[in-house]
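Read through the structure below, which is laid out as structure tokens, and then see the notes.
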Amino acid sequence: MAETVKNLAMAKAINESLRRALETDPKVLIMGEDVGKLGGVFRVTDGLQKDFGESRVIDTPLAESGIVGTAIGLALRGYRPVVEIQFDGFVFPAYDQIVTQLAKMHARSLGKVKLPVVVRIPYGGGIGAVEHHSESPEALFAHVAGLKVVSPSNASDAYWMMQQAIQSDDPVIYFEPKRRYWDKAEVSTEAIPGPLHKASVVRDGTDLTLAAYGPMVKLCQEVADAAAEEGKSLEVLDLRSVSPLDFDTIQASVEKTRRLVVVHEAPVFFGSGAEIAARITERCFYHLEAPVLRVGGYHAPYPPARLEEEYLPGLDRVLDAVDRALAY
Amino acid sequence: MAETVKNLAMAKAINESLRRALETDPKVLIMGEDVGKLGGVFRVTDGLQKDFGESRVIDTPLAESGIVGTAIGLALRGYRPVVEIQFDGFVFPAYDQIVTQLAKMHARSLGKVKLPVVVRIPYGGGIGAVEHHSESPEALFAHVAGLKVVSPSNASDAYWMMQQAIQSDDPVIYFEPKRRYWDKAEVSTEAIPGPLHKASVVRDGTDLTLAAYGPMVKLCQEVADAAAEEGKSLEVLDLRSVSPLDFDTIQASVEKTRRLVVVHEAPVFFGSGAEIAARITERCFYHLEAPVLRVGGYHAPYPPARLEEEYLPGLDRVLDAVDRALAY
Amino acid sequence: MTVESTAARTPRRSAGSKAGTAGAKAAGTTGTKRTTRTTAKKGTAAQQGADPELVQLLTPEGERVKNADYDQYVDGVTPEELRGLYRDMVLTRRFDAEATALQRQGELGLWASLLGQEAAQIGSGRALRDDDYVFPTYREHGVAWCRGVDPTNLLGMFRGVNNGGWDPNSNNFQLYTIVIGSQTLHATGYAMGIAKDGADSAVIAYFGDGASSQGDVAESFTFSAVYNAPVVFFCQNNQWAISEPTEKQTRVPLYQRAQGFGFPGVRVDGNDVLACLAVTKWALERARAGEGPTLVEAYTYRMGAHTTSDDPTRYRHDDERAAWEAKDPILRLRRYLETSNHANEGFFAELEAESEALGKRVREAVRAMPDPDHFAIFENAYADGHALVDEERAQFAAYQASFADVEGGH
Amino acid sequence: MTVESTAARTPRRSAGSKAGTAGAKAAGTTGTKRTTRTTAKKGTAAQQGADPELVQLLTPEGERVKNADYDQYVDGVTPEELRGLYRDMVLTRRFDAEATALQRQGELGLWASLLGQEAAQIGSGRALRDDDYVFPTYREHGVAWCRGVDPTNLLGMFRGVNNGGWDPNSNNFQLYTIVIGSQTLHATGYAMGIAKDGADSAVIAYFGDGASSQGDVAESFTFSAVYNAPVVFFCQNNQWAISEPTEKQTRVPLYQRAQGFGFPGVRVDGNDVLACLAVTKWALERARAGEGPTLVEAYTYRMGAHTTSDDPTRYRHDDERAAWEAKDPILRLRRYLETSNHANEGFFAELEAESEALGKRVREAVRAMPDPDHFAIFENAYADGHALVDEERAQFAAYQASFADVEGGH
Ligand SMILES: Cc1ncc(C[n+]2csc(CCOP(=O)(O)OP(=O)(O)O)c2C)c(N)n1
Ligand SMILES: Cc1ncc(C[n+]2csc(CCOP(=O)(O)OP(=O)(O)O)c2C)c(N)n1
Ligand SMILES: [Mg+2]
Ligand SMILES: [Mg+2]
């Protein structure tokens with residue numbers, strides 16, 4: 001690694017992180033549909049098969065359960081597979097292998113077996129795609145013990161969190177916010193990253209805390225900008241990890257601001273916001289001046305592209321929630 | 001139906017409800033593994049194939065995705081399949097068909113297609129079973145729009161909620177609390193039931209509300225008995241439906257008692273209690289004297305049978321939560 | 001806009017009773033024989049174009065070749081019907097090209113072109129009766145055409161105004177299914193229902209070479225065989241699943257997959273509309289006669305990109321495409337029509353004009369397609385309603401109204 | 001308690017290089033031929049016991065019959081090894097009976113008996129090398145025995161003290177997998193890893209007739225064929241999946257499933273330990289020689305209930321069981337040992353005593369098995385820890401301590 005700081009789009013940052021893992025650990029494998037010559041439909045694995053060969057960057061048959069199931073077998077043999085699910089809506093054929101085998105085998109074996117498998121899932125909406133290409137199913141994985149669930153919001157985190165996910169001896173579901181794939185940021189290939197599951201305060205504020213992860217962090221920063229113009233000081237947290245959730249960091253922020261709004265693309269009902277609201281209310285009962293409010297998707301299937309702007313949390317809807325919270 | 005009131009175990013009540021549906025609607029089908037001659041591993045479909053034939057009570061190949069997927073096709077042809085998943089932990093091979101097809105086809109077709117499919121899932125622990133036979137995955141279905149999720153707590157509800165689930169034009173995931181299968185209750189075959197998704201107040205109280213569904217309702221009633229001996233008056237709600245949740249009934253109760261403890265077997269993290277806590281806190285912010293507390297499973301795979309008593313919410317753990325809530 | 005249906009459509013007979021035909025039974029035996037060869041060698045026949053097992057009635061040069069097993073299924077095809085098949089293919093291709101253009105112009109978000117697969121789709125589509133039911137994947141624009149589905153309806157989901165814009169029951173053509181393989185189980189269940197009803201309709205399920213790897217497809221084979229369901233599995237092996245060639249899904253020809261599940265499989269020249277018509281008719285008759293499922297592998301080629309988002313230059317060579325151009329399904333039928341004097345210049349000229357008109361109408365219809373009302377988000381999530389949806393709809397309405405107020409107030 | 005291993009075990013060779021053997025190649029061809037017959041007729045061969053394709057080396061009467069293809073795989077088996085196979089089967093059956101009894105006595109919550117399947121399991125299990133890897137389902141007590149897994153370890157999950165009580169890597173024997181079919185994909189992935197490593201080990205995946213319907217099993221066939229993975233799929237067709245006979249899963253013999261995926265399938269008499277040994281050895285050699293996967297269908301019978309929770313009188317007749325009793329795997333090897341003078345009275349008497357001792361030791365070990373510590377709930381949920389688990393563990397500890405306080409206070 002000659003250069004230590006590069007300005008990279010998130011997709012490219014993940015690509016470089018995968019490349020580094022392939023270089024440094026001969027046990028790392030890349031598996032998935034179209035990850036080889038094509039480099040994946042988002043080009044996240046671009047050039048890797050060319051440089052590391054078909055034995056390490058593996059185009060698989062079109063069968064998600066097969067992909068995850070064989071990745072488990074490869075992990076049992078000592079490999080560290082990084083599996084790509086082409087889109088969020090296509091992870092469900094693999095759901096059984098993920099929640100029943102990948103998540104539980106370590107415990108089932110009383111710790112004898114480790115499954116260091118990373119499941120990469122491009123997720124979320126906002127790119128005008130057809131059905132099943134815009135979903136945010138993270139809650140369906142966070143509820144399941146044995147899995148870790150993370151989602152970077154920027155290229156630098158994407159790079160480092162992938163390094164950490166691959167090094168983790170636990171299975172990690174790595175949600176990539178596809179509408180941020182093309183957003184660029186400085187990525188240092190030598191920075192020493194913080195812990196994988198630690199939230200970060202990306203903007204300090206005093207009046208209210210906005211908590212988000214993945215694609216919604218950028219939106220929350222824009223909300224904070226807009227609110228600042230109206231004289232409101234919002235703190236913005238990038239949660240980075242959905243399981244575990246870094247409640248300590250949220251709690252510290254809420255004890256200061258006394259108000260919390262959680263934002264995610266996934267439906268609100270049984271979503272991450274519910275868990276955060278429940279636990280933070282428990283932890284900060286006497287600090288909260290307002291109930292924790294949630295902004296997210298509605299309880300309806302993800303709509304066709306021409307409606308997604310209305311369906312997804314946007315600047316106005318988050319500001320509206322901020323106003324409602326501040327009105328208490 | 002000569003007799004109008006019978007004393008039935010829950011398993012038998014469901015059996016009679018299925019029988020009634022088969023009798024009254026020629027489009028109703030029963031499908032699943034071992035539902036025929038064996039009558040299901042819990043005998044819930046006992047005798048039905050003998051009386052209605054193999055064309056209506058169908059032993060299927062051992063493939064859950066196939067069972068739900070073909071049930072969808074049968075529903076498209078005008079049938080009303082009632083599908084049995086043998087145990088909670090075996091629903092995941094069918095998860096894709098359930099969340100992507102069964103849940104969304106009505107919306108996808110702009111309302112042209114209806115899928116009146118009932119998916120019966122014996123769930124929950126407490127019966128000393130081996131792995132995968134004691135799970136409570138209801139949150140993984142409630143998060144998904146397009147599905148309705150219910151769970152009866154007693155034989156009478158089991159009978160009537162099954163009638164209503166079969167009559168519903170929406171897919172219904174019907175969770176049967178297997179450790180209550182053998183509990184008996186009076187079942188009137190002529191009672192006019194309330195709405196399927198309405199919670200019921202099964203015990204009036206003034207100091208705190210306990211909300212539960214399925215297997216935990218009986219426990220909460222026992223908790224209320226024990227608390228009464230200590231002079232505490234607990235109100236007990238049987239939620240009956242997990243999606244939709246009857247927030248109005250919970251809200252009314254909490255506005256009176258000002259304290260709420262939610263109890264379920266499923267892991268607390270991202271469980272039903274989170275959604276209830278978040279929304280009730282929003283609705284009752286100025287009424288609540290204490291944070292909504294949750295009692296449920298830990299964030300760990302369901303343990304082997306000899307540990308389940310420690311894992312599952314029991315009398316003492318719920319009482320402990322009640323005490324903590326009352327201490328605010 | 002109505003659909004200009006060509007081939008004679010048989011009357012709807014979904015309530016009819018089941019009746020085997022001698023022809024179907026004979027063919028059934030043939031089909032069984034047809035599946036007996038086994039190859040356990042790796043990566044040979046799967047890639048070969050000139051498989052000796054390939055059913056072909058029209059050569060790429062447009063010559064009609066005899067086939068003892070399948071001729072009977074097309075012997076009655078009149079010159080008019082032949083011209084109809086040609087017209088179907090030409091108009092389908094024109095529609096497809098128009099959609100691709102509309103995507104480039106930004107009117108559609110995406111398009112999945114069927115270019116090259118017209119014969120497989122029109123041949124099989126025209127083998128169906130009205131009371132049969134079709135379960136497509138997302139590329140069956142030619143089959144939709146045969147079913148009388150308004151082609152502009154197909155564009156809704158690619159434009160992003162809906163997730164499927166037609167009533168499946170109007171034309172017995174289910175909505176496009178994007179999650180690969182799922183619909184084969186729906187097709188099987190539907191066929192089980194037909195059998196329960198004692199009807200003699202049949203079902204056809206379309207899927208791709210890539211889809212053959214999905215567990216759901218295998219399960220549909222198992223269920224249909226065990227219940228002897230009247231379903232035809234029609235696999236368009238277009239050689240590619242996005243960037244992956246068929247060798248990444250199987251090491252023997254796909255039609256052989258069926259025999260291990262206990263029903264016949266046959267490989268047909270997917271660029272030969274007559275052969276596709278004949279083989280599908282045979283398979284449908286088997287289904288109607290109570291002989292259960294059949295797998296048809298239509299050996300064809302995806303001439304274009306996977307979708308408009310795809311760049312095939314990254315993974316395949318132009319010469320492969322060039323080789324397949326010589327086997328073009330439309331060209332070969334045209335040659336046959338010309339050499340057999342079944343069509344004259346006037347026919348082709350008229351069709352050219354009709355084709356242009358179709359393109360124009362599709363263009364106009366798409367441009368006029370309105371965006372859905374915002375409240376459509378909440379419609380049809382449930383058939384019987386859901387308290388939370390009602391609550392969220394009301395909040396959404398209030399929220400929307402607050403802007404109207406603000407705007408009104410200004 | 002150590003396991004009294006019988007048959008000679010070959011040295012561990014996982015780092016060895018891949019080398020084809022002439023014998024394996026010849027057999028490979030044979031196996032291919034073996035899979036060529038196709039049956040599209042419904043429900044015939046699937047039920048037949050006396051299938052002409054059934055590989056058998058020992059008749060039910062204990063007569064050794066010649067087999068040109070498979071004799072070579074058992075020609076070198078010594079009388080001592082034969083006695084070893086017999087001993088394995090007898091002790092496995094004794095262990096199994098003991099476990100059933102322990103369940104009746106309340107020491108186990110459940111037991112899944114292998115009664116009747118001893119030959120399939122011991123024959124295939126003894127074909128393995130130490131460096132091979134086994135992916136069982138939940139009934140492979142005989143295979144576990146061959147692998148040297150302490151039988152009492154198998155009882156932990158049935159007693160409810162753990163979900164699998166051994167280290168899979170100690171004996172290359174994966175934990176029991178309850179969710180049907182899942183392990184076939186793990187086996188395939190593991191085999192892919194062996195191939196990547198350039199080792200010449202092989203993998204064997206066990207599953208049942210019911211499991212053959214699961215999509216995961218079909219996907220494992222696809223993956224193993226496409227990657228040419230060194231895996232043997234060993235299907236014990238014991239005629240029943242709980243209450244469902246094999247006709248509910250397939251309408252042709254299961255071994256035929258393989259050919260449509262491009263690899264050979266063979267049906268072996270699952271009650272003939274010699275045949276199972278020979279066929280599995282052949283399949284393993286194919287795998288080692290780089291010839292890819294094989295499907296072995298061991299045609300056998302579940303003599304007992306599905307598990308101790310099951311009541312087979314509800315769905316099957318006693319005469320079926322009686323017919324299979326005549327084909328008992330242990331009885332036929334005993335007859336052969338006796339007529340061929342490979343074993344004397346002393347051997348059988350000694351084995352009887354050993355068998356009793358085994359039963360006693362299992363009984364004692366189970367009764368002594370302690371309940372797990374309460375905190376085991378939180379152990380091993382994660383390898384690297386998880387903040388929430390730590391928090392919940394601490395709360396649990398405090399909660400438990402509060403009782404101690406109360407009790408201490410009294
Ligand atoms: C379950 C699932 N996984 C992945 C995808 C993404 N995807 C869309 S089309 C496609 C390839 C399909 O290939 P094939 O079945 O041959 O059909 P074709 O596109 O060639 O018509 C893939 C991988 C999907 N739609 N569904
Ligand atoms: C996915 C899944 N579905 C259902 C079950 C319940 N179940 C346990 S064993 C069994 C039958 C298995 O039959 P087979 O594969 O023939 O194996 P056998 O028990 O005969 O050895 C069933 C349905 C399960 N364990 N997993
Ligand atoms: Mg294809
Ligand atoms: Mg079986």
Side-chain angles (χ1 to χ4, degrees), chain A residues 32-43 46 49 54 58-67 69 86-87 89-94 96-97 127-134 267-270 296-311 316-317 320-321 323-324, chain C residues 109-110 112 138 156-164 176 178-182 208-217 241-245 248-250 306-307 309-312 314-316 371-382 386 388-389 391-393 395-396 399-400 402-403:
Chain A
E33 297 155 9
D34 307 293
V35 297
K37 273 194 190 157
L38 185 64
V41 295
F42 290 106
R43 307 294 181 263
D46 191 27
Q49 189 181 69
E54 289 196 27
I58 308 166
D59 272 332
T60 63
L62 206 176
E64 286 76 9
S65 187
I67 296 170
Q86 203 162 74
F87 282 92
F90 308 145
V91 70
F92 301 115
D96 178 52
Q97 284 285 350
I127 63 161
V130 294
E131 204 185 353
H132 314 296
H133 291 70
S134 302
V268 165
F269 194 60
F270 281 76
Y298 298 110
H299 191 66
Y302 197 91
R306 302 254 170 165
L307 286 171
E308 68 180 343
E309 219 185 297
E310 303 301 323
Y311 180 87
D316 287 331
R317 255 173 70 204
D320 178 65
D323 289 346
R324 282 188 287 120
Chain C
L110 184 81
Y138 44 75
M157 63 177 267
F158 292 100
R159 186 172 168 88
V161 301
N162 57 44
N163 288 326
Y176 281 169
I178 293 178
V179 176
I180 297 289
S182 309
D209 44 297
S212 70
S213 296
Q214 280 287 2
D216 273 8
V217 174
I242 309 187
S243 74
E244 299 193 14
K248 289 278 170 240
Q249 318 289 343
T250 181
H306 170 69
T307 64
S309 298
D310 180 40
D311 173 11
R314 293 179 69 97
Y315 54 81
R316 71 184 193 187
D371 278 358
D373 182 85
H374 292 169
F375 286 91
I377 290 172
F378 303 98
E379 300 313 315
N380 304 312
Y382 291 89
H386 187 284
L388 177 63
V389 177
E391 190 180 322
E392 289 185 343
R393 190 197 289 103
Q395 284 163 357
F396 183 79
Y399 172 71
Q400 296 271 40
S402 73
F403 289 98

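Within every chain, numbering begins at 1; the chains are lettered A, B, ... in the order of the sequence lines, protein sequences first and strands thereafter.
Both the backbone and the side chain of D34(A) come within contact range of chain C, with heavy atoms under 4.5 Å apart. Only the side chain of H386(C) comes within contact range of chain A, with at least one heavy atom under 4.5 Å from a heavy atom of that chain. With a 4.5 Å cut-off on non-hydrogen atoms, I242(C) touches chain A through its backbone and its side chain both. Proximity to chain A involves both the backbone and the side chain of N163(C), based on heavy atoms less than 4.5 angstrom apart. Using a 4.5 Å cut-off between heavy atoms, F87(A) makes no contact with chain C at all. With a 4.5 angstrom heavy-atom cutoff, R159(C) touches chain A via backbone and side-chain atoms both. I180(C) touches chain A through its side chain: at least one heavy atom from C-beta onward sits under 4.5 Å away, while N, CA, C and O do not. Contact annotation for H299(A): both backbone and side-chain heavy atoms come within less than 4.5 Å of a heavy atom of chain C. Proximity to chain C (any heavy atom under 4.5 Å) is shown, for Q49(A), by neither the backbone nor the side chain. In this structure, chain C has no heavy atom under 4.5 Å from any part of E309(A). Residue E33(A) touches chain C through both its backbone and its side chain, counting heavy-atom pairs closer than 4.5 Å. Residue D310(C) touches chain A through its side chain alone, counting heavy-atom pairs closer than 4.5 Å.
Interatomic distance, CG of D320(A) versus CD of Q395(C), reported as 10.0 Å (0.5 Å rounding). The distance from atom OH of Y298(A) to atom CZ of R393(C), rounded to the nearest 0.5 Å, is 12.0 Å. The distance from atom OG of S182(C) to atom NE2 of H132(A), rounded to the nearest 0.5 Å, is 7.5 Å.
A heavy-atom distance below 4.5 Å is not found between the side chains of K37(A) and S243(C). Taking 4.5 Å as the limit, some side-chain heavy atom of E310(A) sits within range of a side-chain heavy atom of Q400(C). A heavy-atom distance below 4.5 Å is found between the side chains of D316(A) and F403(C). Counting heavy atoms from C-beta on, the side chains of R306(A) and P372(C) come closer than 4.5 Å.
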Test log, rule side chain to side chain contact (heavy atoms under 4.5 Å, CB included), inputs F90(A) and I178(C): CA-CA 9 Å; F90(A) 308 145; I178(C) 293 178; 4.0 Å; yes

R43(A)/D311(C) under side chain to side chain contact (heavy atoms under 4.5 Å, CB included): CA gap, chis, key distance, verdict: CA-CA 11 Å; R43(A) 307 294 181 263; D311(C) 173 11; 4.2 Å; yes

Side chain to side chain contact (heavy atoms under 4.5 Å, CB included) evaluation trace for Q214(C) with L62(A): CA-CA 6 Å; Q214(C) 280 287 2; L62(A) 206 176; 3.5 Å; yes

Worked check of side chain to side chain contact (heavy atoms under 4.5 Å, CB included) between M157(C) and E131(A): CA-CA 8 Å; M157(C) 63 177 267; E131(A) 204 185 353; over 6 Å; no

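Between chain A and the residues I377(C), N162(C), V217(C), the largest count of heavy-atom pairs under 4.5 Å involves I377(C). Put simply, of A381(C), S213(C), A376(C), the one with the most heavy-atom pairs under 4.5 Å next to chain A is S213(C). Ranked by non-hydrogen atom pairs under 4.5 Å with chain A, the options L110(C), D371(C), D216(C) are led by D371(C). Of the residues considered (Y382(C), Y138(C), F378(C), Y399(C)), Y399(C) shows the highest number of contacts with chain A, using heavy-atom pairs under 4.5 Å.
A salt bridge is absent between K248(C) and D59(A); no separation between the charged side-chain nitrogens and carboxylate oxygens falls under 4.0 Å. Salt-bridge check for D46(A) with R314(C): passed, with a basic side-chain N closer than 4.0 Å to an acidic carboxylate O.
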